[in-house]
Structure formats: structure tokens, C-alpha cells
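Notes to accompany the following structure.
Numbers for residues simply follow the sequence, beginning at 1.
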Amino acid sequence: MLEWPSTLALTLKVGAQKTVRSRVLRSKMDSGEEKIRLRDTAQVKIFTGEVAIKNRDQHETFWDWFENSHFQGAEPFEWIDPFTGDIGTYYISSDVTESDAGGGVSSISFTLTELPS
């Protein structure tokens, strides 16, 4: 299993968001109430947030890992759920955005999708 680089923060910065996808399918009926059932039993969790990059070494580490190990989202890796602290398997499921925070510090924003266990 691919691991997140040890020199980078393993949690998302304050302000991270967690979304739990609905597993419910609703079907309209010819008459009466709509039919409601579970799509599947696996719960998909999506996290949106950012990681602080504090220096040039961390910057190079992240981009090398993202391009050459994570293959831009194709290879899952272990990550810690920022809300529960549980370890899970995730992949980056969005574009990655880097923002300059000044003073050699930057922020890298992305969306993580947890693979159901």
C-alpha cells in the first residue's frame, strides 16, 4: 500500500469538510409513495481540504509523490480521517490547487475519496 510522504502533514488544515454520499435510491411509482432502497452497503466519504507546505523540500516531496507514486490519483494510499483519526484507504479525486501563502509557505488543496473497506 502506498503511504503518504512522512515529511508532510498527515491531516488536513482547519476548515476541512466531510461529505457522506447518499446511498439511497428513490424511484417514482405510478401511484402511491416513491420506492426507497439502499443502493449498496458501502458508505463513501469525501473530504475537501488543504495541506500546508512549509518549505521547498516539502513542495518538491509532494509533487514528486503526486506525479510518480500516486500517479495523479490512480494509486490509493493510507490516510487518517481528520474527524475520527481512523486510518483508511483514500485517493485524490479532484484537481490539485496550490496557493501561495507568502513567506515561502503554500497550501495545496484537493478532494480525498475514501475507498469503502
Side-chain angles (χ1 to χ4, degrees):
M1 172 69 58
L2 181 64
E3 292 183 7
W4 180 256
S6 62
T7 57
L8 301 178
L10 190 56
T11 58
L12 299 174
K13 288 171 56 175
V14 172
Q17 295 181 331
K18 176 180 180 177
T19 303
V20 179
R21 284 191 187 155
S22 174
R23 298 181 297 162
V24 174
L25 284 177
R26 297 178 186 275
S27 303
K28 292 200 182 253
M29 307 307 289
D30 289 337
S31 64
E33 297 296 317
E34 61 187 2
K35 181 179 178 182
I36 301 171
R37 65 181 175 86
L38 282 178
R39 178 186 326 248
D40 53 41
T41 57
Q43 186 73 317
V44 176
K45 298 175 196 154
I46 301 168
F47 299 86
T48 304
E50 56 189 54
V51 172
I53 303 296
K54 298 177 181 172
N55 56 49
R56 186 161 190 77
D57 288 342
Q58 286 187 344
H59 181 270
E60 290 174 7
T61 297
F62 174 81
W63 287 109
D64 179 62
W65 174 85
F66 182 71
E67 295 287 335
N68 301 312
S69 298
H70 185 45
F71 302 112
Q72 299 183 14
E75 185 69 26
F77 60 95
E78 286 188 346
W79 181 269
I80 295 175
D81 180 318
F83 296 91
T84 65
D86 296 337
I87 295 175
T89 304
Y90 297 83
Y91 64 96
I92 295 177
S93 56
S94 70
D95 291 339
V96 174
T97 304
E98 184 172 13
S99 304
D100 182 11
V105 176
S106 64
S107 231
I108 296 183
S109 305
F110 48 83
T111 299
L112 290 172
T113 299
E114 182 180 28
L115 296 172
S117 51

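- Screening residues 106-117 for salt bridge (charged side-chain N to carboxylate O under 4.0 Å, His left out) gives Lys45-Glu114 as the qualifying pairs, with residues at least two apart or on separate chains.
- Counting heavy atoms of neighbouring residues, nucleotides and ligands inside a 6.0 Å radius, atom NZ of Lys18 exceeds 12 of them.
- No chain of hydrophobic side-chain contacts below 4.5 Å, direct or via other Ile, Leu, Val, Met, Phe, Trp or Tyr residues, connects Val105 to Trp63.
- A search for salt bridge (charged side-chain N to carboxylate O under 4.0 Å, His left out) contacts involving Glu98 returns nothing, not counting sequence neighbours.
- Among residues two or more places apart in sequence or in another chain, the side-chain hydrogen bond (donor to acceptor under 3.5 Å, both in side chains) test is passed with Glu78 by none.
- The side chain to side chain contact (heavy atoms under 4.5 Å, CB included) test applied to Leu25 returns Arg37, Arg39, not counting sequence neighbours.
- Residues satisfying the side chain to side chain contact (heavy atoms under 4.5 Å, CB included) criterion with Asn55, sequence neighbours excluded, are Asp57, Gln58.
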Distance-only donor-acceptor pairs under 3.5 Å for side chains of residues 79-93, two or more places apart:
from	atom 1	to	atom 2	distance (Å)
Asp81	OD1	Phe83	N	2.7
Asp81	OD1	Thr84	N	3.1
Asp81	OD2	Thr84	OG1	3.4
Thr84	OG1	Asp86	N	3.2
Thr84	OG1	Asp86	OD2	3.3
Ser93	OG	Thr111	O	3.4
Ser93	OG	Thr113	OG1	2.6

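- Within the model, atoms OG of Ser27 and CD1 of Ile36 stand 9.5 Å from one another, a figure rounded to the nearest 0.5 Å.
- Taking the six-membered ring where the residue is Trp, Phe66 and Phe62 present parallel rings, their angle staying beneath 30° rather than reaching 60°.
- A distance of 9.0 Å separates CZ of Phe47 from OG1 of Thr19, quoted to the nearest 0.5 Å.
- Taking a 6.0 Å sphere around CD of Gln43, one finds it holds more than 12 heavy atoms contributed by other residues, nucleotides or ligands.
- Listed by chain and number, the hydrophobic cluster partners of Phe71 come to none, as no ILVMFWY side chain reaches under 4.5 Å of it.
- Other residues sharing the hydrophobic cluster of Val44, ordered by chain and number and joined by side-chain separations under 4.5 Å: Ile46.
- Taking Ile, Leu, Val, Met, Phe, Trp and Tyr as hydrophobic and joining them when side-chain heavy atoms fall under 4.5 Å apart, one finds Val20 isolated, its cluster having no other members.
- Partners of Arg26 by salt bridge (charged side-chain N to carboxylate O under 4.0 Å, His left out), not counting sequence neighbours, listed by chain and number: Glu34.
- Note that CD1 of Ile53 and CD of Glu60 are 11.5 Å apart. Values are rounded to the nearest 0.5 Å.
- Within a 6.0 Å sphere centred on CG of Asp100, other residues, nucleotides and ligands contribute more than 12 heavy atoms.
- With sequence neighbours excluded, the residues forming a side-chain hydrogen bond (donor to acceptor under 3.5 Å, both in side chains) with Ser109 are Glu50, listed by chain and number.
- With sequence neighbours left out, the side chain to side chain contact (heavy atoms under 4.5 Å, CB included) criterion links Lys28 to no other residue.
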